[in-house]
Amino acid sequence: MTAHDKPDDPSEPDESAEPRVSATPDEPAAPDEPTEPDEPTEPDGRERRIAAARGAARLLTRSPMTVTLAERVTALAEGVADVTAPDGMSDMYGDGVVADLEDEVARLLGKEDAVFFPTGTMAQQVALRCWAGRTGNATVALHPRAHPEVHEGGALSVVSGLRTVHPTDEPRCPTADEVRDFEEPFGTLMLELPLREAGFVLPDWQELTDVVAAARERDAVVHLDGARLWECTTHFGRPLPEIAAVADSVYVSFYKSLEGIAGAALAGPRTLTDEARAWRHRYGGLMFQQFPTAVSALLGLKRVLPRLPEYVTHARVVAQALHEGFTAARVPWSRVHPDPPHTHQFQVWLPYDADVLNEAALTQAEETGTQLFWRWFPEGPPGLSVTEVTVTGPGLAWTPDDVRAAVAEFVRRLP
C-alpha cells in the first residue's frame, strides 16, 4: 500500500485523506514517479481506524468517514432552514438552491459569476479547456504534484486534449523567474493554493503576485486550483476577493475544507461561466437534482468558513507542541512541515516504519480514547514515514500540554 492509495477525504478536511506525498520536506520526488487515482480500493485496517475514531473522546478533527449515514442525513435536514426555505421547491437542472449557491460563491470570491459542478475534476477540466480555446494554446503550466497530474488519471490529456508542462518540480509553487524563463509557451498557468502534496504549502503574497505578473508577461491566463483556498486568508493576510482577484478563474471545493457532501464551483467572468455551463452539460455534469450537495455546501459556507482562520491559528499551536513533544520524548528525528503551518493542515515526518506508527496510533486511540494521528505512510528514504494532521473544531480544545502528553503516550508505544 502506497501513500497515494487513498480517497481525497472530504470534510475532515483531509487528515484521513491518506496523502500522496511527493517527497521528504527537503527533497522533491522524481517527476516521472508513477501516480495512481484519488479514489482507490478500501485500505487495510480501515474498519479498525473508523471504530477507534468513533470511540475516541479526544481528536484533532473528526473524519466524515466516522459519521454514519443516519447522522449525516439528520444533520442536513436539521440545518436546511439555516440556509434556504425548507418548504420551497427543490432544484431542477441547476436552479433553486444550486443557483443560490452559485450566487453566494461569486459574492464571496468577488467574481462576476460562478457555476456549480458535481466534482472538482470536472470543474478544472472545463476551466482549462475553455481557456485553451480562448488563448489558442492547449498547453497548461502547472506543478507535477498538482491534483490534475496526480489524482485524475491523466484526464487533462486523455479527455480534454490538453498538454501539461512543469516550470518546476521543487516541492513548492513555481517562482516568477521559473515561469518567466520557461523554455516553451503555454496558454494557462495553473496554481494550486495550497499545494497539498508538498505539505499544504503556499507562497507569500509577494511571491504570488510576482508569479502571476510573470505569467501575464507571457500572455498567459492564470487559473487557481483553490480547492482549499478558503483557509488561505490567514497566511496571505488578505480577504478572499483580493486573493481570487489575482487570477482569471478560480475553482473551489465544498468538501475538502467546508465539510460538505461533495461538489465544486468555478468562478470567473460571465463569458467563461456561460461557456463552462455548456461544457458541464457535455461532460455529464448537469444533474437533475443536486439539492443535498448544495445545501451542505451552503451550510459549510455559513458555519465552517468563518471558523477557518481560528483553525489555522490553532494548527500552529498544535504543530509547535508536536515538535516540543517529540523533542522531549527523545525521538531520534522528527519534522513538522511546513513550520509553522500555512493552513490548518500540515505534515509530520518520523523515522519509523508506517506499520509501526499506525499500530501505535490505533492502540493509543483504542486504549486511551485519544486519537492523535489517523494514518501513516512510507515516503522518502526507507524507514521514513509521513502523516497529514488537520486541526478543526474538535482540535480547538487541545492545549499545548494536551498535545505534548498525547505525543508522549504515542511515543511510549514505539519500539
Side-chain angles (χ1 to χ4, degrees), residues 7-11 13 17 37-39 64 67 69-70 72-77 79-109 111-130 147-148 151-153 155-156 158-160 223 225-227 230 249-268 270-302 304:
D8 204 4
D9 194 8
S11 60
D38 216 4
E39 289 86 16
V67 181
L69 177 61
R72 196 68 191 262
V73 172
T74 298
L76 192 65
V80 66
D82 284 352
V83 293
T84 190
D87 56 352
M89 300 300 293
S90 60
D91 65 293
M92 183 180 297
Y93 292 119
D95 64 4
V97 69
V98 175
D100 293 343
L101 173 61
E102 292 172 337
D103 290 343
E104 180 64 2
V105 170
R107 184 189 70 81
L108 287 167
L109 297 179
K111 294 296 187 182
E112 186 177 11
D113 192 25
V115 53
F116 175 85
F117 281 86
T119 72
T121 297
M122 186 185 295
Q124 296 221 111
Q125 281 196 62
V126 167
L128 295 173
R129 79 172 300 152
C130 287
H147 195 278
H151 297 301
E152 297 179 14
L156 287 184
V158 174
V159 178
S160 298
H223 169 75
D225 177 337
W230 309 113
S249 60
V250 182
Y251 139 68
V252 289
S253 173
F254 298 127
Y255 80 91
K256 293 183 179 179
S257 303
L258 298 180
E259 303 180 11
I261 294 174
L266 172 64
R270 194 172 302 277
T271 53
L272 177 73
T273 57
D274 283 348
E275 183 182 0
R277 286 183 170 88
W279 280 108
R280 180 183 62 180
H281 193 179
R282 295 179 182 123
Y283 273 68
L286 184 59
M287 301 177 71
F288 177 56
Q289 291 191 310
Q290 289 284 284
F291 64 90
T293 302
V295 169
S296 71
L298 286 168
L299 286 169
L301 291 173
K302 181 173 183 177
V304 182

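The residues of the chain are indexed from 1 along the displayed sequence.
- Here Glu102 contributes atom CD and Asp95 contributes atom CG; the two are 10.0 Å apart, rounded to the nearest 0.5 Å.
- For Gln124 and Asp225, the side-chain atoms include at least one donor-acceptor pair closer than 3.5 Å.
- At least one side-chain heavy atom of Arg277 sits less than 4.5 Å from a side-chain heavy atom of Thr273.
- Using a 4.5 Å heavy-atom threshold, the side chains of Leu101 and Leu301 count as touching.
- Across all their heavy atoms, Ala155 and Gln125 have their closest contact at CB-NE2, 3.2 Å.
- Scanning all heavy atoms of the two residues, the minimum distance from Ala227 to Ser257 falls at O-OG, 4.5 Å.
- For the pair Phe254 and Ala297, the tightest heavy-atom approach, listed with the atom from each and the gap, is CG-CB, 3.5 Å.
- Residues Trp279 and Phe117 form no side-chain contact, since every pair of their non-hydrogen atoms from C-beta on lies 4.5 Å or further apart.
- Residues Phe291 and Val80 have side chains not in contact (no heavy-atom distance under 4.5 Å, counting atoms from C-beta outward).
- Residues Phe116 and Thr293 meet the side-chain proximity criterion, which asks for heavy atoms closer than 4.5 Å.
- Checking each of Val97, Val98, Asp82 against Leu298 for a side-chain contact (heavy atoms from CB on, under 4.5 Å) leaves exactly one that passes, namely Val97.
- Remark: Thr121 pairs with no residue by the side chain to side chain donor-acceptor pair (under 3.5 Å) rule, at least two apart or across chains.
- Residue Val304 comes nearest to Leu258 through the heavy atom pair CG2-O, 3.7 Å, listed as atom of the first residue, atom of the second, then distance.
- Contact of the Pro118 side chain with the Tyr283 side chain is not registered, since no non-hydrogen atoms from C-beta on lie closer than 4.5 Å.
- Taking the side chain as every heavy atom from C-beta outward, Leu76 and Ile261 approach each other to under 4.5 Å.
- Remark: Arg280 pairs with no residue by the side chain to side chain donor-acceptor pair (under 3.5 Å) rule, at least two apart or across chains.
- Distance check, rounded to the nearest 0.5 Å: CZ of Arg129 to CD of Glu275 gives 9.0 Å.
- From Tyr251, atom OH reaches atom CE of Met122 across 12.0 Å, with rounding to the nearest 0.5 Å.
- Here the side chains of Leu266 and His223 are in contact, with some heavy-atom distance below 4.5 Å.
- When all heavy atoms of Val115 and Ala276 are compared, the closest pair comes out as CG1-CB, 4.0 Å.
- Counting only distance, with no hydrogens or angles, the side chain of Trp230 and the backbone of Ser253 share a donor-acceptor pair below 3.5 Å.
- Rounded to the nearest 0.5 Å, atoms CD (Glu112) and CG (Leu272) are 10.0 Å apart.
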